[in-house]
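If you're wondering where the values come from, they're calculated on a predicted model, not measured in any experiment. Throughout, numbering of the chain's residues begins at 1 and tracks the sequence.
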Amino acid sequence: MVTTPAPRVGVLALQGDVREHVRVLTDLGADVTTVRRPTELAAIDGLVLPGGESSVIDKLSRAFGMREPVREAIATGMPVYGTCAGLILLADRITDGIVGQQTFGGLDVTVRRNAFGSQVDSFEVDLDVPALGESPVHAVFIRAPLVEEAGAGVERLAALDDGRVVAVRQGSLLGTSFHPEVTGEHRFHALFLDMVRERQR
């Protein structure tokens, strides 16, 4: 019997809720490592960009020499999943960014930072996500961004009742405005690992 090796994935560990993603991915059977250096990035097949503060992660990625290696990995097709701040970092365009804020890019969307207000405006809601099955996804929004515009090649996976888009996929890139890693919702991470396995074939 041939056994398939566990997907080798990393979580960018410059700032944010790194441990939560590591725990979910490990529970799903992945071979998980934290990533702070280009050599660590080169040893994995998929990357998670965690929630946190997008402007801080941006600055630290440049300080640690990670910005260009991550951009190159995205450009060459590495599967990447960004949650909350991670979605902002994947976006080609952001509104309400701080002066000089940059992103890794790759995802043909325009994202608004803190679209729902401050920490006290955080909320939870059940979302229909047909790509993940009939059971709704319980989503937690914490200082969350919003996808304001999406290019023709971007698949809209989930939206709020008013139509505002909060989960997208484009090729090997996946992004959610919310935090599945804090609610015990594993299906987005499982989808990400399927994307990694598909690229390994």
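- At distances below 3.5 Å, not a single donor-acceptor pair connects side-chain atoms of Q200 with backbone N or O atoms of P7.
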Pairs of donor and acceptor atoms involving the side chains of residues 125-141, under 3.5 Å and at least two apart or interchain, shall be tabulated with distances.
from: D126; atom 1: OD1; to: H138; atom 2: ND1; distance (Å): 2.8
from: H138; atom 1: NE2; to: E124; atom 2: OE1; distance (Å): 2.6

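- The backbone N or O of L89 lies less than 3.5 Å from no partner atom in the side chain of S54, so there is not a single donor-acceptor pair.
- A salt bridge is absent between E20 and R23: the closest approach of a Lys/Arg side-chain nitrogen to an acidic carboxylate oxygen does not fall below 4.0 angstrom.
- Each of V32 and L49 belongs to its own hydrophobic cluster when Ile, Leu, Val, Met, Phe, Trp and Tyr are linked at side-chain heavy-atom distances under 4.5 angstrom.
- In this structure, CG on L12 lies 7.5 Å from OG on S61, to the nearest 0.5 angstrom.
- Under the 3.5 Å distance criterion, with hydrogens and angles disregarded, no donor-acceptor pair is assigned to the side chains of T34 and E40.
- Side chain of D58 to backbone of Q102: a donor-acceptor contact under 3.5 angstrom is found.
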| Verdict with supporting geometry, D45 and R8, salt bridge (Lys or Arg N to Asp or Glu O under 4.0 Å) | CA-CA 5 Å; D45 300 306; R8 297 177 306 163; 3.0 Å; yes
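- Looking at R67, its side chain does come within 3.5 Å of a backbone N or O of T103 through a donor-acceptor pair.
- The distance between the ring centers of F123 and F178 does not fall below 6.0 angstrom.
- A donor-acceptor pair is defined here as one N or O able to donate and one able to accept, closer than 3.5 Å; no such pair exists between the side chain of R113 and the backbone of P145.
- Comment: E53 engages R143 in a salt bridge, judged by a side-chain N to carboxylate O separation of less than 4.0 angstrom.
- Counting non-hydrogen atoms of other residues, nucleotides and ligands closer than 6.0 Å to CZ of R19 gives a total of 12 or fewer.
- Within 6.0 Å of CZ in R199 there are more than 12 heavy atoms belonging to other residues, nucleotides or ligands.
- Looking at residues two or more places apart in sequence or on another chain, you find a ring-ring contact (aromatic ring centres under 6.0 Å, His included) between Y81 and H189.
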